[in-house]
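All values derive from a computational prediction rather than experimental measurement.
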Amino acid sequence: MARNVLLIEPNYKNKYPPMGLMKISTYYKNLGDKVTFFKGNLNDFVLSDLYETILPYLYQYDNSRCWEKYRTTIMSFLKTGNETIIYEFCYNNSIKQILIYYRNYYKEKKYFSDNKKWDIVCITTLFTFYWKITIDTINFAKKLCKDIKNVKVGGIMATLVPEKVREATGIHPICGVLDQPGMLGDDNDIIIDNLPLDYSIIHESEYIYSAKDAFYGYVTRGCINKCSFCAVPKLEPKYYEYKPISDILKESSATYGEQRNLLLLDNNILASTSFSMIIDEIKEYGFSKNNKYKEPNFYKIAINNLVKGINDKAYINIIVELYKLIFIKYKNNSEIQGLYNYYIDNYLYDRYTAKKEIILEFDKKISSIFDRYYMEKKPKERVVDFNQGIDARLITKDNMEKLAEIPIKPVRIAFDHWSMRNIYEKAVRVAVSAGHKNLSNYILYNYDDKPEELYYRLKLNVDLCDELNASIYSFPMKYHPIQDEKYFKNRDFTGKYWNRKFIRTIQAILNSTKGKIGKGSSFFYKAFGSNIDEFNKLLYMPEALIIYRLHFENNGITELWWNRYKSLNTSEQETVNKIIETNDFSDITKINVNTRIMDVLKFYTIKKTDINETIKYNLL
């Protein structure tokens with residue numbers, strides 16, 4: 001008998017879809033189970049589920065309405081109990097009573113005890129600083145499952161702090177990669193980590209992942225290094241040198257359509273002795289240097305999958321969005337205008353009102369329009385991205401020339417510490433000489449580095465850009481000890497040489513640069529200072545004066561702050577620096593300091609909203 005399986009990603013923000021759950025979806029569907037994916041507020045999920053339960057009754061009592069139009073209204077009533085919003089339905093006492101019954105059902109949280117629907121609930125976890133939202137999600141979701149033994153929690157946080165998760169939820173997490181048979185409790189020989197991803201489930205949710213138009217995957221697992229700051233040795237303790245990917249991509253493409261790009265999340269691809277074979281496989285699949293991408297007819301794929309019943313909810317959502325695209329694209333086309341009334345009259349403009357049987361009927365009228373739309377699309381460049389970066393210590397002329405055979409963009413190279421500058425610089429020069437002009441790197445800070453070392457690493461990249469005529473985008477990444485019991489639940493950790501103000505300064509600068517630093521020395525010097533003294537000045541500068549630098553420089557506020565700061569004697573500067581480093585200026589009136597120091601501290605109370613000339617006079 002098919003089981004009802006619920007896959008949940010907590011409602012935190014993230015760029016990439018949950019690959020683990022996508023493989024688990026494939027696993028359960030291959031076993032014949034019914035799978036539902038959800039990301040969002042679980043209270044909304046329950047309301048939506050109750051609405052779906054009510055819907056057949058509504059049609060039973062009155063089939064003259066499109067009850068899906070009233071989804072939001074009905075869910076609002078279930079949540080609030082405000083009868084005025086369902087007044088128009090009260091002409092039928094049976095409808096009123098069913099709505100009131102389920103309102104009380106929701107209010108009394110009977111969904112935690114009565115008629116539980118879910119046989120299996122799987123919850124993924126991400127970073128430990130999402131602790132509260134993740135634990136709240138697990139504790140809510142476990143009460144939706146028929147048997148708590150069938151609640152399965154895995155992922156990064158679950159693997160890094162399993163005992164903490166167990167203490168907070170009563171659930172024993174599944175740790176690490178699903179690389180052995182039976183890890184979800186079934187008696188079979190299926191290795192879930194080797195399965196293709198179910199790309200359809202991400203379209204069940206209204207959440208939009210920013211990383212799109214790509215296949216996701218791994219061609220290796222783990223890392224040969226055991227860096228003290230890194231969680232990979234615990235997350236993926238075994239290094240797999242080669243995980244063939246072409247068959248998985250072919251299977252995914254046949255079901256979900258060919259994707260433009262290939263995003264690989266390997267932690268140390270260059271450590272593999274099969275590196276050359278991996279690149280050849282990627283090329284043979286279709287990601288060679290000169291291979292172009294011709295977008296398939298995703299509408300036809302969606303219709304075919306809807307007919308097959310692969311994931312009705314997901315493909316109705318996809319088709320509704322494609323309808324919108326077509327009606328905008330060809331809005332002046334007479335043929336389209338002739339179809340518009342049918343589109344509107346049958347509520348095909350909304351994911352909740354569009355119905356499968358109407359879509360399949362409408363397909364006979366509109367499919368030729370989509371054929372034209374996809375025929376008009378021009379081939380595009382493809383990109384391969386080893387997103388986690390490659391190891392500078394392992395870069396050679398040979399492997400960089402091999403890497404140049406695929407359209408990799410960018411080449412990501414980690415630059416974790418200033419002590420690696422010679423290795424890193426050599427790696428960049430080798431990469432550029434092999435033809436890689438588009439590079440990127442992750443720059444770890446707030447670990448055991450000093451703030452000035454972050455500056456030097458960023459400046460080295462800018463200098464290399466100018467010298468080598470290459471683009472190197474730097475992404476400073478703040479270290480967070482996600483396994484440390486004191487800090488794993490939050491982002492409050494400060495490294496040995498850092499403090500809260502220094503960290504906030506870097507974040508304020510990065511806010512204005514969109515989190516990255518690219519080519520252009522003048523831009524870098526303006527953002528981080530033209531020398532180390534200017535950088536150190538920025539570290540202590542009031543936050544508002546950093547974020548709105550031009551404004552406060554032009555009206556003289558920045559100069560006024562700096563003059564007052566410089567006028568302090570050595571002892572006063574030491575005192576004010578200690579206060580500034582706490583980055584707490586919520587009530588400076590309680591700080592026992594002299595007037596000269598207080599006159600400096602007033603600048604730190606400027607709010608982002610205080611962008612007006614009156615500030616200057618308030619500080620005088």
Side-chain angles (χ1 to χ4, degrees), residues 16-17 19-20 22-23 25-27 30 177 179 190-202 209 211-222 236 239-298 300-302 304-305 310 374 377-390 398-412 431 434-436 438:
Y16 305 113
M19 292 174 59
M22 293 164 78
K23 292 180 180 182
S25 177
T26 299
Y27 169 75
N30 286 349
V177 180
D179 58 356
I190 300 172
I191 297 176
I192 295 171
D193 193 49
N194 292 342
L195 295 175
L197 281 66
D198 180 355
Y199 289 86
S200 74
I201 67 169
I202 62 179
Y209 297 94
K212 298 183 290 186
D213 305 325
F215 289 122
Y216 310 102
Y218 294 86
V219 286
T220 64
R221 278 288 199 178
E236 300 178 18
Y239 187 70
Y240 290 90
E241 296 232 359
Y242 181 33
K243 294 177 72 69
I245 196 173
S246 59
D247 286 345
I248 289 175
L249 295 182
K250 288 174 185 176
E251 188 173 343
S252 295
S253 179
T255 304
Y256 308 110
E258 185 71 14
Q259 301 298 311
R260 179 180 177 183
N261 301 321
L262 178 60
L263 193 151
L264 298 167
L265 286 89
D266 299 66
N267 290 295
N268 199 334
I269 181 66
L270 294 185
S272 174
T273 57
S274 301
F275 175 75
S276 184
M277 187 187 306
I278 289 169
I279 299 302
D280 286 341
E281 184 184 19
I282 290 172
K283 286 168 55 184
E284 288 168 12
Y285 179 79
F287 288 95
S288 61
K289 190 77 172 181
N290 300 315
N291 206 320
K292 301 280 186 173
Y293 170 74
K294 183 68 172 71
E295 186 172 322
N297 190 326
F298 282 116
K300 187 172 290 185
I301 291 167
N304 289 339
N305 286 344
I310 287 179
Y374 284 102
K377 284 186 163 290
K378 296 179 179 180
K380 300 175 181 177
E381 300 287 342
R382 305 191 92 169
V383 170
V384 178
D385 182 4
F386 285 98
N387 191 262
Q388 302 302 96
I390 58 177
D398 287 344
N399 60 32
M400 286 300 98
E401 288 178 349
K402 189 67 181 177
L403 197 65
E405 295 177 11
I406 62 175
I408 185 165
K409 183 180 179 180
V411 175
R412 303 180 188 271
H436 300 287
N438 193 306

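In plain terms, the two heavy atoms of G222 and N267 that are nearest each other are O-CB, 3.6 Å. Across all non-hydrogen atoms, the minimal contact from K292 to P379 is CB-CB, 3.8 Å. Across every non-hydrogen atom of S272 and T220, the tightest pair is CB-CG2, 4.0 Å. In plain terms, the two heavy atoms of F215 and S253 that are nearest each other are CZ-CB, 4.0 Å. Between P410 and D385, the shortest heavy-atom contact is O-OD1, 4.2 Å.
Using a distance-only test at 3.5 Å, with no hydrogens or angles considered, no donor-acceptor pair links the side chain of N305 to the main chain of Y256. With T26 contributing its side chain and D198 its backbone, the two residues share a donor-acceptor pair below 3.5 Å. A donor-acceptor pair is defined here as one N or O able to donate and one able to accept, closer than 3.5 Å; no such pair exists between the side chain of N387 and the backbone of L265. Between the side chain of S252 and the backbone N or O of P196 there is no donor-acceptor pair closer than 3.5 Å. At distances below 3.5 Å, at least one donor-acceptor pair connects side-chain atoms of Q259 with backbone N or O atoms of G257.
E401 contributes atom CD, which lies 11.0 Å from atom CG of L403 (distance to the nearest 0.5 angstrom). Atom CG of L249 is separated from atom CD of E258 by 7.5 Å, given to the nearest 0.5 angstrom. Residue I192 holds its CD1 atom at 15.0 Å from CE of M22, rounded to the nearest 0.5 Å. I245 CD1 to D266 CG: the interatomic distance, rounded to the nearest 0.5 Å, is 8.0 Å. Between L195 atom CG and L197 atom CG the span is 9.0 Å, to the nearest 0.5 Å. Once rounded to the nearest 0.5 Å, the distance linking CD of E405 with CG of N290 reads 11.0 Å.
A cation-pi arrangement is present between R382 and F287, with the terminal nitrogen or guanidinium carbon under 6.0 Å from the aromatic centre and inside a 45° cone about the axis.
By the 4.5 Å heavy-atom criterion applied to side chains, R412 and F386 are not counted as neighbours. Side-chain atoms of I390 and M400, non-hydrogen and from C-beta on, do get closer than 4.5 Å to each other. Residues L264 and I282 have side chains in contact (heavy-atom distance under 4.5 Å, counting atoms from C-beta outward).
Using a 3.5 Å distance cut-off with no hydrogens or angles, the side chains of D179 and Y240 do pair a donor with an acceptor.
Taking N194 as the reference, K243 meet the side-chain hydrogen bond (donor to acceptor under 3.5 Å, both in side chains) condition, with sequence neighbours excluded.
Classification of the Y199-Y216 ring pair by plane angle, with boundaries at 30° and 60°, yields parallel.
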Please step through side-chain contact (heavy atoms from CB on, under 4.5 Å) for the pair Y374 and K300, ending with a clear verdict. CA-CA 10 Å; Y374 284 102; K300 187 172 290 185; over 6 Å; no

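Open room surrounds NZ on K409; 12 or fewer heavy atoms of other groups in view lie less than 6.0 Å from it. For NZ of K212, the number of neighbouring non-hydrogen atoms (other residues, nucleotides, ligands) closer than 6.0 Å is 12 at most.
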Would you tabulate the side-chain donor-acceptor contacts of residues 273-280 under 3.5 Å, counting partners in other chains and residues two or more places apart, or write 'none'?
from : atom 1 : to   : atom 2 : distance (Å)
T273 : OG1    : E241 : OE1    : 2.5
D280 : OD1    : K402 : NZ     : 2.7

